[in-house]
Amino acid sequence: MGCAVHSTLKPGQIYTTIEMKTVFVRPAFEHTGRLRAEAKLVHACSCVASSEGRIVDAKGKLIAYGSESCLIMDAPGAPKAA
């Protein structure tokens, strides 16, 4: 989910998570196989961004889902983002 937010940043911007929620629907075991993480941006503005994500197994069964909110800031010493 953080990567979805990170992909929207302008040069010189950084982010930190301010809230995250994860719901585990079923367990994942070694025999579950490969897991895939999917995330999408829900909202972004100049100071806060939100995203949603899912973890699914190789058969597409939902393992977990969640949401995240991030604070967007100018990196210390970086030129201001346009």
Side-chain angles (χ1 to χ4, degrees):
M1 294 181 288
C3 290
V5 171
H6 191 162
S7 71
T8 69
L9 299 182
K10 297 174 184 169
Q13 288 185 315
I14 58 174
Y15 73 97
T16 188
T17 300
I18 55 176
E19 187 269 338
M20 181 187 293
K21 179 177 181 175
T22 305
V23 178
F24 297 95
V25 175
R26 64 176 43 89
F29 300 101
E30 184 176 315
H31 65 269
T32 302
R34 188 175 293 240
L35 301 178
R36 185 176 74 241
E38 306 168 343
K40 65 178 180 178
L41 191 69
V42 175
H43 169 79
C45 65
S46 62
C47 58
V48 176
S50 300
S51 59
E52 296 175 337
R54 300 166 35 99
I55 303 291
V56 296
D57 68 12
K59 296 178 182 176
K61 284 188 175 181
L62 184 64
I63 303 293
Y65 65 94
S67 61
E68 178 176 44
S69 295
C70 297
L71 177 66
I72 299 172
M73 307 163 280
D74 290 328
K80 296 283 184 191

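We count residues from 1, following the sequence as given.
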Run the side-chain donor-acceptor check on residues 60-70: report pairs under 3.5 Å with partners two or more places apart or on a different chain.
| from | atom 1 | to | atom 2 | distance (Å) |
| --- | --- | --- | --- | --- |
| Glu68 | OE1 | Gly2 | N | 2.9 |
| Glu68 | OE2 | Thr17 | OG1 | 2.5 |

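As a member of the Ile/Leu/Val/Met/Phe/Trp/Tyr network built from side-chain separations under 4.5 Å, Val48 groups with nothing else and remains a singleton. Other residues sharing a hydrophobic cluster with Leu9 under the 4.5 Å side-chain heavy-atom criterion for ILVMFWY residues are Val5, Tyr15, Leu41, Ile72. Hydrophobic side-chain contacts under 4.5 Å tie Val42 to no other Ile, Leu, Val, Met, Phe, Trp or Tyr residue.
Remark: Glu38 pairs with Arg36, Arg54 by the salt bridge (Lys or Arg N to Asp or Glu O under 4.0 Å) rule, at least two apart or across chains. Every residue was checked against the salt bridge (Lys or Arg N to Asp or Glu O under 4.0 Å) condition with Arg26, not counting sequence neighbours, and none meets it. With sequence neighbours excluded, no residue forms a side chain to side chain contact (heavy atoms under 4.5 Å, CB included) with Ser46.
For the pair Met1 and Gly53, the tightest heavy-atom approach, listed with the atom from each and the gap, is SD-N, 3.5 Å. Considering all non-hydrogen atoms of both residues, Lys59 and Asp57 come closest at N-OD1, 2.9 Å.
The list of ring pair (Phe, Tyr, Trp, His ring centres under 6.0 Å) pairs with a residue in residues 16-48, not counting sequence neighbours, reads Phe29-His31.
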